Every structure is written in C-alpha cells, then in structure tokens.
**Q** 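Below is the structure I would like to discuss, written out as structure tokens.
All values reported here derive from a predicted model rather than from experimental measurement. Letters go in sequence order (proteins before strands), and every chain restarts at 1.
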Amino acid sequence: MKKYDHFKIEQKFQKKWEKEGIYNTKEDKSKQKYYCLVEFPYASGEGLHVGHVRSYTALDIVARKKRMEGLNVLYPIGWDAFGLPTENYAIKTGVNPKIITKKNTNNFRKQLKSLGFSFDWSREINTSSPEYYKWTQWIFLQFFKHGLAYKKRMPINWCLSCKIGLANEEVVNGVCERCGGQVEKREKEQWMLAITKYAERLYDDLDKTEFLEKIKIQQRNWIGKSHGALISFALVTSQIIADKKLQINADGKIVLITNVQEFRENVNIDSKLKIEGREFSIKELIKFKLDDGSFYLKLFLSGGYVLADDLNSNSFILVKEKDTNLKIEEDDITFENKKYSFSYKAHAIAEEVFGEEIFKKGESETFWDYTSGNNYLSLGIVDKNKKRLDFLGKTIKADKIEVTNLRESASNLRSSATFTKVNVFTTRPDTLFGATYLVLAPEHELIRKFIENKEIENIKEVEKYISETAKKKDIDRTAEGKQKTGVELKGIKATNPVNKKEIPIFIADYVLAGYGTGAIMAVPAHDERDYAFTSQMNADKKTQIDADKIEIIKVIESNENLYTGYGKLINSGKFDGMESNEAIKEITKFVGGELKTVYSLRDWIFSRQRYWGEPIPLVFCNECKKRVENSKLQIPNHKQVPNSKSKIQNQEFNEGELLNPGWVVDENLPLELPDVKKYEPTDSGESPLASVEKWVNVKCPKCGGPAKRETDTMPNWAGSSWYWLRYTDPENDKVFADEKKLKYWTPVDWYNGGMEHTTLHLLYSRFWHKFLFDIGLVPTDEPYIKRTSHGMILGDGGEKMSKSRGNVINPDDIIERFGADSFRLYEMFLGPFDQQTSWNSDGVVGTRRFVEKVYGLSEKIVDSENESVNNFLNKTIKKVGEDIENMKFNTAISSMMMFLNFVYDENKISKDSYKKFLKILSPFAPHVTEELWSETGEKESIHKSKWPEYDEIKENENFTIVVQVDGKIRDKFIVASNLSENEIKDKAISLEAVLRWVGDKKIKKTIYIKDKLVNIVTI
RNA sequence: GGGCGAGUGGCGGAAUUGGUAUACGCGUACGACUCAAAAUCGUAUCUCGUAAGGGAUGAGGGUUCGACUCCCUCCUCGCCCACCA
C-alpha cells in the first residue's frame, strides 16, 4: 500500500486548479447562480486564525456542493485592509501601512491557498487600493449629496497618554486598549451618516430575510424599537405676580411693578397676571434681547390688552390691543381705513399709542422682526440709539410683505421666544398621574437657553453639574450601583398635563441626551431608575417627593413602593380601573400627546482622526459657505430618499452642500491618501493628513477659490459596507459594478460570518445597500438572503485564543503536520458549526486517520459488493447532503466515518459506490478525493462531477423492534417491514423475556410505534 | 439588569413531530505485530453490582405507557448589550 503524502497531493492539485482556473466564474444566463459569501479577512500581521478556516471551509463545502449540483457558484475573497493594527504598527515603526498591508495580504493569500478553498481568485479585491476606495468615496458622496451626511460636534474618546482619538472598539472597560491609560471625552466636529432615517426599514425588512433567528433578534435589539408617547409638559417659571406688586395709575394705562427686573425674568407664557383684581392670561409673549444682556417684553393678554415694557421708567404700559390693531394689505398697511406708507404709518401708530415724545420722527426707525416662526412678523419701532423698542400690534402674516430692508435696522436686536414646554418620551403614559418631576439630560438644549435667559435661579450649581458630567468617563456614568446624581432647576416648574399639578425639574446624567427627547417624566413609583433617583435626592434633602404617596397602580400582593409592571390604574382620576394597555392610549389622547415609536439606534459617526482610511472627498470653502447662506435654496424636507438619480444634479448646490454650508464635494476620484512622514494624529487631535499642507490646501472644485480638504478619514467599516457588490465586477472603472452583473449575481444567497459582526457590520452594510437601492443603483433592497454565524473556537482551556494567553493555533503548523484535508475535516468535525467549541490539536489525528483510511479504500474495490454496503451508502449520501444544507457538518463527517468503518468491516465495495463516496467527501477533503478520483481513470476534476443521487432505502429492509414492558426495555427482535401491526404485537408479547416481566399482571394496553418499538403496559 | 445560547463519559460531542441515551472522534487500558519504539490492527472503556438487575443527560418537581427532548421552579457557565424612559 502506497503511503499517503498530503504535501505532495495538495501541492499538486492546488497548482493544477489555479492553472486551469477551475473555480473562476463567469455570468452564465443558462445557469442558475448561487452566491456564497464569507466575511473577507482583515489581514493582520498575526496571520490566518483557525476561526477564519472554520467559516471559509464551511462555505467552501457549500460552494463545492452547489457547483456539483449544477449551479453557477460565485465564491469570492478579498481583503478588508484598512484597520487599526496596521496603523498602530505604522505609528510604532514608521513603515508605510501600504507596505505592511502588502506583506500581510501576501501571507494570508498564501495561507488561504494552502487550504484549497475554491475561491475565485480572479475577483480578489482590496479595500485599501485606490481602484476600490474610489468607489467607497463615490458612494459616500452619494450619501452626502442626498443629505444623509452631516457634520456635528460629537465627543470622541481621547487617550491621555497616547494622545490620540480612539475608536469605541479600542476603549475596553473605560481604558485605552493599547496602553491601558485613561480615556476622556473630547468634543470634535464629526461627519455623521443618518442611519437612523433607515431605522424602521432596517427593523421591518428583517422579516424578508432568512437570517438565523438569533441574528434577527440581535439586530432588532440593537435598533431598539419602543412604542410610547410624546407628552408635552408646560413650563411655569413663576406666578409671583400679585396685586400688591402691581399698581395702575390714575389714567389706567401705566402699570407700576415694584420689581420690574424680577418680573421680566420670571414672567412666562403660563404666568397669570392680576391687575386691579382682574386676571389676565398671557396669549403671546415676545422677548427682545439687547446685546448688553438686558431685554424687553411685550405681552399680549387676554381680553385684548397689551402689556408693553418701558425700561427707562421701570414701568409697563397697559393698552387695549384694538388701539394698535393692524391689518396688512399688499405693500401697505391699513389702519382704521386709512392708507399710509409703511414707515410713516408706523410712526403714526406710535404717536397715537405712545405719544410723539417717545418716538420722534427721524430719530426712530421702524422694523419688522420674527416672533414666532418664519411665517409671522410683528411691526415694531426702535429708537435712534437702538436701546428701546416697542411693538405695535399683533402678529401679521409675513408672506405678504417685503421685509429685507427693514430687518437690517434691527440687526443688533435678537429675538428669543420663551420656551414654553418640554417634550418627554415615555413608554408608560398610563403612569402619568404618578409623574412627580421631570428630568432633563444635562446636555438638553433647553438648559443652555434657560441659562442664557437667566430663567434659572441656581445657574452656578447647574453649570457646575453640567461640566462635571462632561468630564466623567463613560464607565463612571454607567457603572452599576452608582449613585444617581442631579440638580434641580430652581425657578422653573412644569405642569403635569394630566392633573395640572406643578412639579419640579431636575437635570441628571442618568437621562441620556441621545435617546427619545433627552427628557423624561419621572415616575418614582413605577420606574426603578426614577425610584432610585428619588430616594437618593430625598437623602440629600433636595426634594420633597414622597414615593409612598404617588403610587398609582397597586398590586395586591406587593407592599413595595415600586411596581414596574402593568395593571389596573388607581389614583388616576377618571382613568381609575382602566387597564394599562388601554390607559396608555387614552391618557395620551387626553393630554394631547402623540403615540410614537422611537429607536435607540444612533446616527453613525463616520469620521476618524486617522491616517489609514479612505480620505473623505470633501473640501471646505469659505466663499461657497457665504454663497450657500445667501442663497434662498431650501433643503428639501423629504422623509424618504427619492428614488432618482437626477433630481439633485440640477441645482448649484446639492443637498449635502446646503445642509453643511461651505462643504463641497470633490468628484475627482479617487482622492488618494498622500504619503506622510508620521502616522500619529496631531496634538490637536487631527488626523496626520492635516499636516500635509500641499494636500490640504486646494482650489475649491466649485468656485476655484482657496479651500481646504477634510482631513478626517472614514472608519474601517466603510470598505466592507458594499464589498459584496464589487465582487460582481471587481475591475470596472466606470461604475462601482455593472448593472447587469449586479442583477445576475445579487443578492448574496448565503453569507456567513462572525457573531461579533451581527450588529455593526451587518447593519451598516444593509443600510448602504438600502440606500443604493433607493437611488436606483442596486436591484434589491436587502443584500443577503441567508446569514449564518459560526461559533467561536476557543483555545485549549476553553479560553479565547489570544497572543497574551499563548494559546493561538497557527494553521500553517496544522497543515504541515496533518495536511489541509485533515485540517478542514477536523475544523468541521469539532462540533456544531454555529456553536462555540474548543480546539484540541490532538483531535486532528482522528480526521487524519480517517483520510488515510479513505486513501487505502481502493484496495477494497471488488466487482460486486454487498447490498448492505449500497444501502448504507444511500443513507450516507442522503444524510451528508441534508447536513450540509443545515450546517451540520460535524454529523455529516461522522456519518461518512461510519460508512467507511462499515466498508472496512465488510471488506468490499464496488467501484461505483467507491466513486460516489469520493464525490460526497470531495467538498470536505478536495485534494485527496481529487487524487483518488483521477486514479480511477477519470480525466475531469471530481469537482466538476455531478453530486450523486441516492435511492430510497428498499422496502424489504429489516427493522429492529424494541420491546418494552412498562417503559423499560426488555428485549428486541428483527422484523421485516411487511408484517402488520398485530403480527408484530403478537410476536412481541410472546417473547420469553416479555412473558417473564409481565408475569401474572394484566396487560392494560400495547403501544406500537411503526418500525421502532412495542411497549406493553400492565396494570 | 436585559437579550441570546449552553449544561450529556476523562475530553470534543451524537440523539428532538417525545420512542434502543452516550453515535462518531480523541484519550486511556490491555492484547497482537516488533529485538524495541512509533505507526497500525484488535478488545475494552457512564456508573453500582459476581450476576440477575438497578441508577444516571446541572438540581428539584410535573405531564406521559414512555422525557436529554415538553411544562414549572432553581443553579452554573459563555457571548452580546447595558441607566434606552
């Protein structure tokens, strides 16, 4: 018997296959396609991992089987080449990442080829090659042009000792992964991709896919859909205004307020005024602020009164609104049926209302200003020193009048509408009666404005808390068991809309700015976090809230103060007795809230302050910024991306340029990475590209003026977000892939990868694909039909393989010792493909022995074999075929081992059966089967042969019937399948062992399971 | 805290429309071959018991003629997410 020399055989066929290109694929309309995809590797310096081998072998088996079944199979490979380890290595050594990448991919390619995968190497791609990233950049520009990319200040992780920005993945347990140093947040302008606009579709369309259920679940959890309601809480700054503080003078027009400044600061749209015993509510409040920080008020009151501020005399003027009633018709203003030119008219009104001495003609000017949104204007007058202004009349429709000239004269005046409400998102509107305070995230935009307008009393305390929060590391902010902290916003209250009770407002960092509206209603009796916060604030004596008294849903058995479940409402006014699910809808309706679905998915931070990534092909131009700002172009407000290629091309500025004034696209692609001297980010946290002046300073592609390039690069997820599309047409330099080729090959039929990519990569790539679908560039709205994940291979002790633990297995060593075929078989034999398992190098000898036995099998070939061998083979063909489809590679292999053992026992096999066996083994062990196949005299490759059919097992086969008495096995016998149920029962009951066990007991019943078992039940 | 998954020999694991638990492989022991070793082949290998037989699939309970499989309670481990309102 000749010796099995794996090295010789594997080398021989790997060369032969490559030379003949037998796995290279072309579009062939006559054949059905099948697209197998594995996650392309990041070619690190550490070389191939056994985990790669597991994934690639599995789909190689699938690809080979599908080919044998006559499908046109695309099984491509390439390199995900932008990444941190390469960059970090470059920083350390100063070697250009291109060179490192080249070296690493060469090594990976060699390693992959030594495993005999049936990749179509002619389609190899590399995300770091300009030919490839040209299209990554191009797709980014499409996002930009459609208004899905925008710049925003965002915190980044900054390592204090490495002095570089870290990706989230590099921050492990709150410290820098590389050096273990402290990480803090730094704010920086970042490019964002608006993936949240696709949240709903990314969620819903999972139903269209055949992803493994656990993968769908993980995606759904990541997107984080919750149903709830937006509820508005009106703000009350103060109701201090009382009779004694107001005086009306004799003619009834001048109101004296004892503390005008206090009144100015505290009056609010929800304030109620009492003047001479008469109550007024405020219909509209206009607050004008001067540059020195002081401001003036104009209040439109119920009953048609207007309360106008007079700073100089520390008084307010109360007038009847109808005195200043204005109507606008065309260009002119009609005032009590007389027509005046605009300016003249305004003065006429001023004289009439306030007296000529206040606004002398020629010394004062008229102006318009915005008050409540873009559609309404008020007419006003400002004195010549621009220190005093007033309004004359109620708001009027603005779209009928020309305002441009008049705006300028008041340009040093800024209007600021007072904020009147806070929106909160809650999933539990049914607990609204228990809402005893509001909490805003420290980053909530209202707080800045409260501070600006001096609407809070304890500004210093609040500012201190905000800055402390910003400095906190993530880990401190979220660590479990951490005390909740917060500060009350004194001087501002909110009104609970359901019972009109006044409740305090806090800021606290347990409320996240990025989720919902960044504000919550706190229901301590029904929410754990609110309960904890309340208890802690009570301990600090900062609030009066008593959790006991606000319980609204009572659970009979529960005597706790906290209950987070659902139930029947109590202490909820007219909603008492209503079930939660109904109350959610009813209470929301009652308070004028809006049922809403929110997603916890955040927009994608798309900037990295790094060298080794795709440059972002945008340029900043000051001149274009001005032109955008002066243009009247509006950003279209569409909910869905339009399915059109042309719309955005007809304007001078595209949507992205309008959205990000000054940023213009540079369509001269690829925008290549320039060479740099050093790969570290700059001290200011900019990417190394910022130091390449020649590259940074460019002519604006739009106006030709001086402009600067964006120096951030794209994240390493970018290139992998569309790579499966490029495989269909990897060399095209006109488009990212030819439409017809995309149509033939996509979507991917089966995509396998690691569970660790289930959330980010899988979601990002689905997002890009959907966007490309929306703009008409790909034929389907989902990229992958089936997605599976292989389980992780742990090291010997059941721990994760890692360099530091020293338990990393190098595939090269295994191939050298045992050969690629045995290695592949062992990887698949290890355990269930989708579950984690641990590696044991000693185990490879098992599959090696199996391969050797296969190698010697030809000695058993005879002219006529036993029928039982043929039957066994049929069963095995069936099982192997099914197991491959179901990813049960381990049992497929064990069934082939059983067959082989059986043949060795029988000591004979026909040539025909032998060849069939080689065929079903060939996807698993492609080299040795090819060798043996050629030895049978076949000229064509076994991998081009047809997958064998199997015959259903013949009817007259015998079965073993197990006989139980009272559920315990007592005997078994072999029976031909043509016996009837009664015959089998009779035979069972007459067995000696059965008679012995039944004894004198009476037989209650006899259960028969076809071809399997008889159970005799006694009483 | 939430989601997902898993607990079966010394080890990786097999067995689910509920029907012979421990397939297949590793390891180990003994034997054959050999001067010897390796390799190979053969036999054995859950456990108690001489045997007949009994017990065992993380623990405990339930449903059933019959449970690794279904239901309930609990424990342990892994992965992912984590103050998501």
**Q** If I pick the P atom on C68(B) and the same atom on G58(B), what distance separates them, to the nearest angstrom?
**A**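 G58(B) and C68(B) have their P atoms separated by 10 Å.
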**Q** Where the side chain of Ser838(A) is defined as all heavy atoms beyond and including C-beta, which of A85(B), G54(B), G12(B) is the nearest nucleotide?
**A**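 Nearest to the side-chain atoms of Ser838(A), counting from C-beta on, is G12(B).
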**Q** Can you tell me whether the side chain of Gln964(A) and the base of G19(B) have a donor-acceptor pair closer than 3.5 Å?
**A**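 Side chain to base: pair present.
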**Q** Between G78(B), C83(B), C80(B), which nucleotide has the shortest distance from any of its atoms to the side chain of Gln218(A)?
**A**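 In terms of side-chain proximity for Gln218(A), the closest of G78(B), C83(B), C80(B) is C80(B).
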**Q** Does Asp530(A) come within less than 4.0 Å of Lys484(A), counting only side-chain N to carboxylate O?
**A**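 Between Lys484(A) and Asp530(A) there is no salt bridge, as every charged N stays at least 4.0 Å from the carboxylate O atoms.
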**Q** I want to know whether Phe533(A) and Phe506(A) have ring centres closer than 6.0 Å.
**A**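 Yes, the ring of Phe533(A) comes within the 6.0 Å limit of the ring of Phe506(A), centre to centre.
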**Q** Less than 3.5 Å between a donor and an acceptor, one on the side chain of Lys1004(A) and one on the base of C65(B), is that the case here?
**A**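 Such a pair does not exist between side chain and base.
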**Q** Taking the C1' atom of each, how far is G61(B) from U50(B), in whole Å?
**A**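 Looking at atom C1' only, G61(B) and U50(B) are 37 Å apart.
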**Q** Cationic tip of Lys875(A) within the cone over Phe872(A)'s six-membered ring, i.e. under 6.0 Å and within 45° of the normal?
**A**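 Lys875(A) over Phe872(A) ring: yes.
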**Q** Of Thr517(A) and Glu756(A), whose nearest nucleotide on RNA chain B comes first from the 5' end?
**A**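 Taking each residue's closest nucleotide, the earlier one in sequence belongs to Glu756(A).
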**Q** Within the structure provided, determine whether Arg766(A) and Leu206(A) are in side-chain contact (heavy-atom separation under 4.5 Å).
**A**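 Yes, their side chains come closer than 4.5 Å.
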**Q** Check every atom of G19(B), A85(B), C24(B) against the side chain of Leu1013(A) and return the nucleotide holding the closest atom.
**A**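 Minimum distance to the Leu1013(A) side chain belongs to G19(B).
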**Q** Quick check for you: among G13(B), A85(B), U20(B), whose closest atom lies nearest to any side-chain atom of Lys972(A)?
**A**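 Taking heavy atoms from C-beta onward, the closest nucleotide is U20(B).
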